[in-house]
Amino acid sequence: MTERTIDCWLTDMDGVLIREDHALPGAAELIEQWRTTGTPFLVLTNNSIYTPRDLSARLARVGLDVPEDRLWTSALATAAFLRDQAPGGSAFVIGEAGLTTAIHEAGFVMTDVAPDFVVLGETRTYSFEAITRAIRLINGGARFIATNPDVTGPSPEGPLPATGSVAALITAATKREPYYVGKPNPMMFRSAMNKLGTHSERTGMIGDRMDTDVIAGIEAGLHTVLVLTGISTQADIQNYPFRPREILDSVADLLA
C-alpha cells in the first residue's frame with residue numbers, strides 16, 4: 001500500500017496549538033509554514049461561544065497568525081447543517097454570539113414561536129427561563145440540535161457545566177435526544193472539508209484527544225495525528241481499540 005499524500009490539514013486548537021494562554025511548541029511555525037506554502041488548512045474548535053473574528057484575535061495575542069476564514073467552529077458547522085436541512089428555516093437558539101451570528105448568516109430566522117429547531121450551544125449564562133422555553137418548544141415538535149456533546153468546559157476556577165450537561169437536562173424533561181453536530185461527530189470534519197473543497201484521502205487531522213479528534217478523524221476517513229500536548233497521554237492510548245496513524249510529542253514534529 002502506498003503512503004497517502006497529505007496536502008490539506010485540519011487541526012484542533014486547544015491542546016494542539018494553544019494551552020490556556022500560551023502557544024504550544026511548533027504551533028506558530030507550523031501555521032506560518034502552511035500559509036507560506038499555500039497549504040489549505042482549518043483550525044477547529046468545539047467551542048461555540050466565539051465568532052471566528054474573536055478566535056483570530058485570541059490566537060493573535062499568543063503569537064499565532066490565523067485569519068478568520070481559517071477557523072471552523074461547532075457553531076459554523078451547526079449553521080451549515082441547519083442550512084442543508086431546512087434552507088430559510090427558523091430556530092430558537094440558546095448560545096452566545098458565535099452561534100447566533102452563524103445561524104443568522106446561514107439565513108435562519110431566530111424566534112421563540114413555533115421554530116423548526118431548538119439549537120443549544122455554549123454560554124456562560126444559561127437561563128432557566130430559556131431552558132424552560134426550549135423544553136416546551138421541543139415537546140411542541142421542534143427538532144433538538146446541540147453544537148457539541150462536551151459536558152464540562154475549563155475555567156480558572158475549575159470545570160464548568162457545558163452544552164452536553166444542559167442537553168442532558170433538556171433530554172430528561174422531553175425524552176428527546178439532541179443531534180450533536182460537533183466532535184466526535186465526523187460531520188464536523190466533513191463540513192470543514194466542504195469549506196476547503198478538499199477530499200478525505202488527502203487530508204490530515206491533528207488532535208489531542210482519542211475520544212473525539214482521533215475517532216472522528218478515523219470515521220471521516222482522514223490521516224489522523226495525535227499530539228501529546230493536551231488531554232490524551234501515551235498510557236491512555238491503550239484504553240482504546242483504535243489507533244491514530246501517527247503519535248507525536250507536539251506539532252513541532254510536523255515541521256518540514
Side-chain angles (χ1 to χ4, degrees), residues 6-35 37 39-50 52 54-77 98 122 148-150 152-154 162 182-186 188-189 191-193 195-196 198 203-220 222-237 240 242-256:
I6 304 301
D7 51 21
C8 171
W9 287 96
L10 307 178
T11 178
D12 189 30
M13 187 170 74
D14 292 290
V16 177
L17 301 178
I18 62 172
R19 192 167 196 173
E20 295 171 354
D21 291 323
H22 65 272
L24 286 164
E29 294 83 356
L30 185 61
I31 296 293
E32 180 60 26
Q33 177 176 294
W34 286 340
R35 297 190 67 188
T37 58
T39 300
F41 76 93
L42 282 176
V43 175
L44 276 58
T45 177
N46 254 3
N47 191 315
S48 66
I49 291 178
Y50 304 106
D54 297 331
L55 292 171
S56 180
R58 177 189 171 194
L59 291 169
R61 285 195 295 272
V62 298
L64 301 183
D65 187 6
V66 180
E68 289 178 48
D69 66 353
R70 297 297 89 187
L71 286 150
W72 191 246
T73 68
S74 64
L76 293 171
E122 208 76 51
N148 62 291
D150 304 57
T152 62
K183 298 180 292 181
N185 187 343
M188 176 89 168
F189 296 161
S191 62
M193 286 186 285
K195 176 178 168 64
L196 290 175
T198 58
T203 303
M205 170 62 203
I206 311 165
D208 70 309
R209 293 186 65 142
M210 289 289 288
D211 59 347
T212 56
D213 305 316
V214 172
I215 186 59
I218 291 170
E219 291 178 356
L222 307 182
H223 176 94
T224 49
V225 179
L226 178 73
V227 291
L228 302 176
T229 46
I231 299 293
S232 293
T233 65
Q234 188 78 51
D236 291 334
I237 297 168
Y240 295 90
F242 52 86
R243 296 288 182 272
R245 186 61 63 90
E246 297 183 72
I247 301 167
L248 304 176
D249 288 331
S250 73
V251 292
D253 293 335
L254 288 168
L255 294 172

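Worth knowing before you read on, the calculation uses all heavy atoms, side chains too, and leaves out hydrogens, waters and symmetry mates. All values derive from a computational prediction rather than experimental measurement.
Test Arg19, Arg58, Arg209 against Asp14 for salt bridge (charged side-chain N to carboxylate O under 4.0 Å, His left out) and you get one pass: Arg58.
Summarising the geometry of Leu196 relative to Cys8, their closest heavy-atom pair is CD1-SG, 3.5 Å, with the distance given to 0.1 Å. Taking every heavy atom of both residues into account, Met188 and Thr73 meet most closely at CE-C, 3.7 Å. Of all the heavy atoms in Asp249 and Thr229, the pair that sits closest is O-CG2, 3.3 Å. Summarising the geometry of Leu59 relative to Ile18, their closest heavy-atom pair is CD2-CG2, 3.8 Å, with the distance given to 0.1 Å. Between Asn47 and Ile49, the shortest heavy-atom contact is OD1-N, 2.7 Å. Nearest heavy atom pair, residue Leu44 against residue Asp12, reads O-OD1, 3.2 Å.
At distances below 3.5 Å, at least one donor-acceptor pair connects side-chain atoms of Ser74 with backbone N or O atoms of Asn46. Under a 3.5 Å cut-off, the side chain of Glu29 and the backbone N or O of Leu255 do not form any donor-acceptor pair. Asp208 contributes no side-chain N or O that, together with a main-chain N or O of Val16, makes up a donor-acceptor pair within less than 3.5 Å. In this structure, the side chain of Thr224 does not engage the main chain of Met205 through any donor-acceptor pair within 3.5 Å. Using a distance-only test at 3.5 Å, with no hydrogens or angles considered, no donor-acceptor pair links the side chain of Arg70 to the main chain of Arg35. Looking only at distances, no side-chain donor or acceptor of Thr212 sits under 3.5 Å from a matching main-chain atom of Lys183.
Atoms CD and CG, on Gln33 and Leu254 in that order, are 8.5 Å from each other to the nearest 0.5 Å. Atom CZ of residue Phe41 and atom CD1 of residue Ile206 lie 10.5 Å apart, to the nearest 0.5 angstrom. With values rounded to the nearest 0.5 angstrom, Leu17 atom CG is found 4.0 Å from Thr11 atom OG1. In this structure, CD1 on Ile231 lies 11.0 Å from CG on Leu226, to the nearest 0.5 angstrom. Distance CG/Asp65 to OG/Ser56: 7.5 Å, rounded to 0.5 Å.
Between Leu228 and Ile247 there is a side-chain heavy-atom pair separated by less than 4.5 Å. Within the 4.5 Å cutoff, the side chain of Pro244 has heavy atoms near those of the Met210 side chain. Met193 has its side chain within reach of Leu222: a pair of non-hydrogen atoms, C-beta onward, lies under 4.5 Å apart.
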Step by step, work out the side chain to side chain contact (heavy atoms under 4.5 Å, CB included) result for Ile31 and Val66.
CA-CA 7 Å; Ile31 296 293; Val66 180; 4.1 Å; yes
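His223 and Trp9 have perpendicular rings, their planes meeting at more than 60° on a 0 to 90° scale where under 30° would count as parallel.
Atom CG of Asp21 has 12 or fewer heavy atoms from other residues, nucleotides or ligands within 6.0 Å.
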